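A quick write-up on the structure given underneath.
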Amino acid sequence: MNSLKRRAALEALNWIEDGMTVGLGSGSTAEIFLHGLRHKNIQGVASSKKTEVLARSLGIPLVETNDIDVAVDGTDAVDDSLTLIKGGGGSLVREKLVAYHADVYIVIGTKEKWKKTLHDETVPVEVLPFLHEGTEELLLSAGGHCTLRLDTKKNPFVSDNGNFIYDCTDIGEVIDFHEKVVRLPGVVNTGVFLNLADIVLIGEDTGVRTERRHKA
Ligand code: 5RP
């Protein structure tokens, strides 16, 4: 598994040139990519506090700018329209911002992440802690079966933005669910990344499969 992650991460490094501002994703695959960046003369925009700590330890200079040349991040699931579901690590909102502001957004993952359909996936939804039980009721009426994410001590998991996360299953059509819930009061955003991925690099046993989004 790690060798497949590594394969995809190393392929993504070919897109990085000296002088670039690079969006740094979160999660184990993105971390492999980060280690490879040590040898490049770039500056990074971190998509989570954990990534920030790792980048600093690797000597990667960090900036906070929306002028991002390339962003590279992992994913929990991707289908053939290159719609992603992210947020397994709880960094979905910052990851989405970094993805949105990147000129080129590259997603790296292993073959297990490639799905025929996203209907059966769990979609994380970041919500404000204020009146979150009320937001949960709204999420349920939008059709999802949503559970508050807990940390290892069984307290609500708190995102880098100070928010809670509900993990939603049985959501039916992923894009419809996203479009319904993203408008609800209390919802910050969802882990559905629509029309963002430009390139998806999938580590497979025989090499790296490259998929590109056909822009309209
Ligand atoms: C964190 C994410 C990660 O990119 C996603 O969970 C994939 O992680 P990994 O590379 O460890 O499988 O979205 O919020």
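Whatever order the structure lists them in is the order used to number ligands and atoms, beginning at 1. Here the structure is a predicted model, which means the values were calculated and not measured. Residues: numbered from 1 along the sequence shown.
- In this structure, the side chain of Arg38 does not engage the main chain of Gly59 through any donor-acceptor pair within 3.5 Å.
- At least one donor-acceptor pair under 3.5 Å links the side chain of Asp73 to the backbone N or O of Ser26.
- By the neighbour-count criterion of 12 heavy atoms within 6.0 Å, atom NZ of Lys50 is sparsely surrounded, having that number or fewer from other residues, nucleotides or ligands.
- Using a 4.0 Å heavy-atom criterion, the residues that approach ligand 1 are Ser26, Gly27, Ser28, Thr29, Asp73, Gly74, Thr75, Asp76, Lys86, Gly87, Gly88, Gly89, Gly90, Ser91, Glu95, Lys113.
- Using a 4.0 Å cut-off between charged side-chain N and carboxylate O, Arg56 and Glu52 make a salt bridge.
- With hydrogens and angles disregarded, no donor-acceptor distance shorter than 3.5 Å links the side chain of Asp69 to the backbone of Met20.
- Considering all non-hydrogen atoms of both residues, Val98 and Ser47 come closest at CG2-CB, 4.1 Å.
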